[in-house]
Amino acid sequence: GNLLGDSFMARQALLELGALPTILIVCVEMGLEKIQMLGQQQQQQQQQGDALVTALQLVRNSIWSLINFIRGGDILSSSSSFIAETIQQIDLAVLLSLPESIQSITNNSECISAAFNVAIETCWLIVFLTNHNEASSFGIVNWLSQDILMGLGTRLCSGVDAVIIQFKQIEDESDDGDALNNSGDQSTTSFLASNPKIAENVSNSSIPCCRALTNIAIYLDSVPKNGEVIVQAKQSVTSALLSEMTARCLVELISVGSIGGGTEADTIACSATSLASIILTDASRDFEKYAESTAVWSLLPALVQGLIGPMSFYDFRREILWAIWNMLQHNRLQHRLLMEIISGTSTEEVAKALTEMLVALESSDAVEPALGLVDMLLRTLDESHTRATTGKSLKTLFEEVGLVDALWFVCDNDVDESEVAEMAAELIDDFYEEQEEEDDGDDGMMVTAPSVNGQQFQFQA
């Protein structure tokens with residue numbers, strides 16, 4: 001495995017030895033057969049536990065080596081078809097469900113932890129197999145099954161339980177019965193709750209689960225829907241993504257991005273937000289059909305809460321902005337969704353968060369969705385309704401949190417005469433021109449516009 005991941009020359013040398021993928025797959029099959037055999041034998045617990053751990057480690061290392069073989073990317077043209085054929089020999093669904101299978105034959109925590117490691121590595125294998133650049137080469141539609149989707153869903157749920165235990169300090173299901181047991185498997189939930197160190201490792205499985213499901217959805221959306229296999233695969237994935245279970249899991253994962261949990265929590269939340277973006281964007285194309293879906297009306301408030309959270313990191317907020325923006329464009333229920341965004345929380349907090357993203361130092365790739373949402377809110381929503389709920393117009397709320405200065409900042413820092421800068425200028429002209437004229441009159445000889453430096457506004461001399 002280390003040699004495969006080292007360099008092109010190392011991979012090439014190992015390939016020249018012949019049948020490398022087959023060797024790895026044989027190791028996986030041998031390990032699974034050994035695990036099955038041990039489960040059927042009556043042995044002393046310690047002896048059985050040691051043998052199971054060894055077999056599980058063999059399977060895990062073989063999958064890890066196969067990932068390194070694939071992820072290099074420089075041997076795909078000559079080997080992808082062979083991998084596509086041999087990968088079908090591995091029962092990915094069985095590998096994904098190993099934690100539950102091992103728990104049915106032993107309560108040895110080392111064995112169960114090793115089984116989780118196999119399942120997590122399998123999730124990463126699926127991520128690389130479904131990468132949008134290589135998915136067609138690896139024949140995704142030939143091995144993607146309902147069982148694999150269910151397996152990813154199970155691992156996502158157990159990952160959520162582990163995330164809750166790790167980041168929300170819930171040590172036992174009795175502390176918060178609604179939060180834990182997302183997977184519906186009581187034994188897995190209880191095991192993670194009583195083994196927080198293992199839960200810390202399992203929480204990371206939510207990242208490859210989200211990325212794998214995202215990759216699968218993107219690939220199936222990019223290929224022509226002119227074959228029965230493709231159509232069935234697309235329907236199965238859509239059903240899985242729009243399920244109440246998936247929505248509940250994603251809401252929990254998104255929420256950890258706004259609790260100040262550090263880089264790991266931020267990465268988990270960003271991965272969940274990317275998957276939520278795919279779900280909401282896909283639903284928006286036929287929104288009347290999915291208008292009452294649990295996924296839509298639970299994910300959107302979770303994203304808004306992440307956007308306005310004072311401890312949310314920039315990367316997380318950027319992912320949220322793109323998710324909301326992609327969902328709202330060309331959506332026939334745009335007005336209703338915009339009302340949902342500002343009615344479920346403080347309108348001022350939403351205005352402040354959007355304005356902050358326009359002037360953040362890292363904001364070059366977040367300006368477009370942030371400015372687009374500002375433009376959409378100001379031009380679409382009924383000012384009378386906003387006054388009735390907040391006592392102020394939306395225009396005034398944005399002005400009070402510094403939008404005008406932020407719009408000038410976008411214009412002043414544009415060097416390409418971009419559409420974004422043009423939109424910012426139009427917002428100034430259409431909504432704040434009178435205020436600008438009044439300011440110019442009050443300032444007398446001072447005619448230069450304010451500029452911003454980081455989060456502080458400064459007037460140029």
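All values below come from the heavy atoms of this structure, side chains included, with hydrogens, waters and symmetry mates left out.
Side-chain atoms of N61 come within 3.5 Å of backbone atoms of Q57 as a donor-acceptor pair (strictly under, hydrogens ignored). At distances below 3.5 Å, not a single donor-acceptor pair connects side-chain atoms of S113 with backbone N or O atoms of S109. T380 places no side-chain N or O within donor-acceptor distance of the main-chain N or O of L377, the cut-off being under 3.5 Å. Although no hydrogens or angles enter the test, the distance criterion places no donor-acceptor pair under 3.5 Å between the side chain of S236 and the main chain of Q146. Using a distance-only test at 3.5 Å, with no hydrogens or angles considered, a donor-acceptor pair links the side chain of T273 to the main chain of A269. Formation of a donor-acceptor pair under 3.5 Å by the S205 side chain with backbone atoms of V202 is found in this model.
Taking every heavy atom of both residues into account, S258 and S255 meet most closely at OG-O, 3.1 Å. Annotation for L253 and A272: closest pair CB-CB, 3.5 Å, computed over non-hydrogen atoms. L156 approaches C210 most closely through the heavy-atom pair CD1-SG, 3.9 Å.
Within the model, atoms CD of E110 and CG of N195 stand 12.0 Å from one another, a figure rounded to the nearest 0.5 Å. One distance of note links SG of C123 with CG of N204; it measures 11.5 Å at 0.5 Å rounding. The distance from the CZ atom of R211 to the OG atom of S206 is 10.0 Å, given to the nearest 0.5 Å. To the nearest 0.5 Å, atom SG of residue C270 and atom CZ of residue R317 are 12.0 Å apart. Note that CD of Q103 and OG1 of T188 are 4.0 Å apart. Values are rounded to the nearest 0.5 Å. The distance from atom CG of L242 to atom CD of E244, rounded to the nearest 0.5 Å, is 12.0 Å.
In this structure, the side chains of R60 and L56 stay at 4.5 Å or more apart for every pair of heavy atoms. Taking 4.5 Å as the limit, every side-chain heavy atom of I102 sits out of range of all side-chain heavy atoms of N108. Side-chain contact between E264 and Q166 is present, with at least one heavy-atom pair separated by less than 4.5 Å. Taking the side chain as every heavy atom from C-beta outward, F116 and S158 approach each other to under 4.5 Å. Considering only heavy atoms from C-beta on, L397 stays 4.5 Å or farther from V401 through its side chain. At least one side-chain heavy atom of I207 sits less than 4.5 Å from a side-chain heavy atom of W124. Between R336 and E340 there is no side-chain heavy-atom pair separated by less than 4.5 Å. Counting heavy atoms from C-beta outward, L307 and F316 have side chains that stay 4.5 Å or more apart.
Using modelled atom types, one finds no donor on one side chain facing an acceptor on the other under 3.5 Å when comparing N326 with T281. A donor and an acceptor atom, one from each side chain of S104 and S101, are nowhere located under 3.5 Å apart.
When the shell of 6.0 Å around CE of M150 is examined, it contains 12 or fewer heavy atoms from other residues, nucleotides or ligands. Within 6.0 Å of CD on E419 lie no more than 12 heavy atoms contributed by other residues, nucleotides or ligands.
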- [ ] Run the numbers on S274 and S271 for side chain to side chain donor-acceptor pair (under 3.5 Å), then give the verdict.
- [x] CA-CA 5 Å; S274 295; S271 297; over 6 Å; no

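Checked options L92, N117, V59, L98; the residue passing with T122 is L92 (criterion: side chain to side chain contact (heavy atoms under 4.5 Å, CB included)). The side chain to side chain contact (heavy atoms under 4.5 Å, CB included) test with L303 singles out one residue from I254, L250, I341, and that residue is I254.
At a threshold of 4.0 Å, the pair K234-D282 counts as salt-bridged, since one of the basic side-chain nitrogens sits closer than that to a carboxylate oxygen.
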